[in-house]
**Q** 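Below you'll find the structure I mean.
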Amino acid sequence: MNTVNLVYFSWVRERIGKGEETLDLPAGVVTVGDLLAHLKTLGAEYESALEHQNVIRAAINQEHVDHGEPIAGAREIALFPPMTGG
Amino acid sequence: MDASVRVRVQRDDFHLAAEVAALTRGRADIGAVVTFLGLCRDEAGSLNALELEHYPGMAEAEIGRICHEAVQRFRLQAATAIHRYGRIEPGENIVLVVTASPHRQAAFDGANFIMDFLKTSAPFWKKEHRADGSAGEWVSAKDADDAARDRWSR
């Protein structure tokens, strides 16, 4: 088991229904893409938040990463929609 | 870290003239200062306010990375970026970028570069609060903003 701290923002946070959580991940979850696929199995709220998986952005330890990035050793993984600041 | 970069993410308003003065104070080597001020706008009288959500920690770090890249790329003498979060009403300030260089072009380009990357890479999200009280929508990211960013890598 690999324990990770997840944080969610904007409509990803609203649809999942929480801003952060700590999860134990099964061994097969290696990359950010694997994590998204795993989360979608956890319930309708995750399915709704991550339905369009390719638009979801991710950051590991507060730096942007692609979906192919390995998550091993991550202290904090953030999932959020495209940014709209400025 | 480059001491010439100042980044702040804050709920409170800021003052453009004070930030320019802080950047130029005691220096005689700066020939050009460019400022960009982004405001909350209401296009049709339908917006009550924007709620700006941010990722604390990463917002500061990402804007800092963008500013440092701009300082190196355009040989800026200094760069300041301030971004507000929380509830912001039409007419209020959202973001300020100040760049300084010996000649004008680098300061213009640097400010432009910082804003293009800030819009697409800094972790902020805008939600609308409508004047009619209806549930607001999250503002959608624009393809034009991605295109504006991508022109810097051509």
Side-chain angles (χ1 to χ4, degrees), chain A residues 3-23 31-33 35-36 39 44-86, chain B residues 7 9 36-41 50-66 69 81-86 88 93-97 111-128 135-146 148-149:
Chain A
T3 303
V4 294
N5 296 313
L6 296 168
V7 292
Y8 310 121
F9 294 97
S10 183
W11 50 256
V12 172
R13 171 180 56 75
E14 286 186 344
R15 290 179 191 175
I16 290 176
K18 58 185 101 171
E20 57 188 299
E21 62 183 326
T22 301
L23 285 183
T31 65
V32 170
L35 172 66
L36 293 172
L39 289 173
E45 62 274 34
Y46 293 92
E47 183 92 50
S48 160
L50 308 174
E51 180 187 3
H52 302 289
Q53 193 169 320
N54 59 331
V55 311
I56 301 296
R57 307 296 175 88
I60 293 181
N61 302 340
Q62 306 198 344
E63 289 197 45
H64 291 294
V65 295
D66 294 328
H67 287 191
E69 185 77 11
I71 62 173
R75 291 189 307 277
E76 180 173 279
I77 302 176
L79 301 176
F80 45 80
M83 290 143 282
T84 55
Chain B
V7 173
V9 174
F36 172 82
L37 178 63
L39 301 101
C40 176
R41 75 179 189 286
L50 289 175
E51 186 75 29
L52 270 111
E53 182 172 336
H54 76 298
Y55 183 175
M58 182 172 169
E60 293 87 342
E62 187 66 21
I63 295 174
R65 285 190 280 270
I66 294 166
E69 192 174 339
I82 304 171
H83 203 302
R84 294 180 65 196
Y85 62 87
I88 298 179
N93 298 328
I94 297 178
V95 60
L96 174 68
V97 170
N112 211 355
F113 176 95
I114 289 169
M115 276 309 302
D116 282 347
F117 279 83
L118 189 153
K119 291 212 63 119
T120 52
S121 301
F124 291 85
W125 301 271
K126 292 189 184 104
K127 189 173 196 176
E128 296 179 338
E137 296 284 318
W138 290 97
V139 173
S140 297
K142 296 183 184 67
D143 290 342
D145 288 333
D146 286 340
R149 173 201 60 203

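First the proteins, then the strands, lettered A, B, ... as listed; each starts at 1. Keep in mind that what you see is a predicted model, and the values were worked out from it rather than measured. Both backbone and side-chain heavy atoms feed into the values below; hydrogens, waters and symmetry mates do not.
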**Q** With a 4.5 Å cut-off on heavy-atom pairs, point out which of B:Asp146, B:Thr120, B:Leu118 contacts chain A the most.
**A** B:Thr120
**Q** Which bit of A:Glu63 is near chain B, if near means a heavy-atom gap under 4.5 Å: side chain, backbone, both or neither?
**A** both
**Q** Should A:Arg15 and A:Glu51 count as an ion pair when the cut-off is N to O under 4.0 Å?
**A** no
**Q** Is any side-chain heavy atom of B:Tyr55 closer than 4.5 Å to a side-chain heavy atom of B:Glu62?
**A** no
**Q** Below 4.5 Å from any heavy atom of chain A, which atoms of B:Ser121 appear? Answer side chain, backbone, both or neither.
**A** both
**Q** Less than 4.5 Å apart, any side-chain heavy atom of A:Leu39 and any of A:Tyr8?
**A** yes
**Q** Which atoms of B:Arg65 are under 4.5 Å from chain A, going by heavy atoms: the side chain, the backbone, both sets, or neither?
**A** side chain
**Q** Using a cut-off of under 4.5 Å on heavy-atom pairs, state which of B:Phe124, B:Trp125, B:Tyr85 scores highest against chain A.
**A** B:Trp125
**Q** Is atom CD of A:Glu20 surrounded by more than 12 heavy atoms (other residues, nucleotides or ligands) closer than 6.0 Å?
**A** no
**Q** Please state whether the side chain, the backbone, both or neither of A:Val7 comes within less than 4.5 Å of a heavy atom of chain B.
**A** side chain
**Q** Any side-chain heavy atom of B:Ile82 within less than 4.5 Å of one from B:Asn93?
**A** no
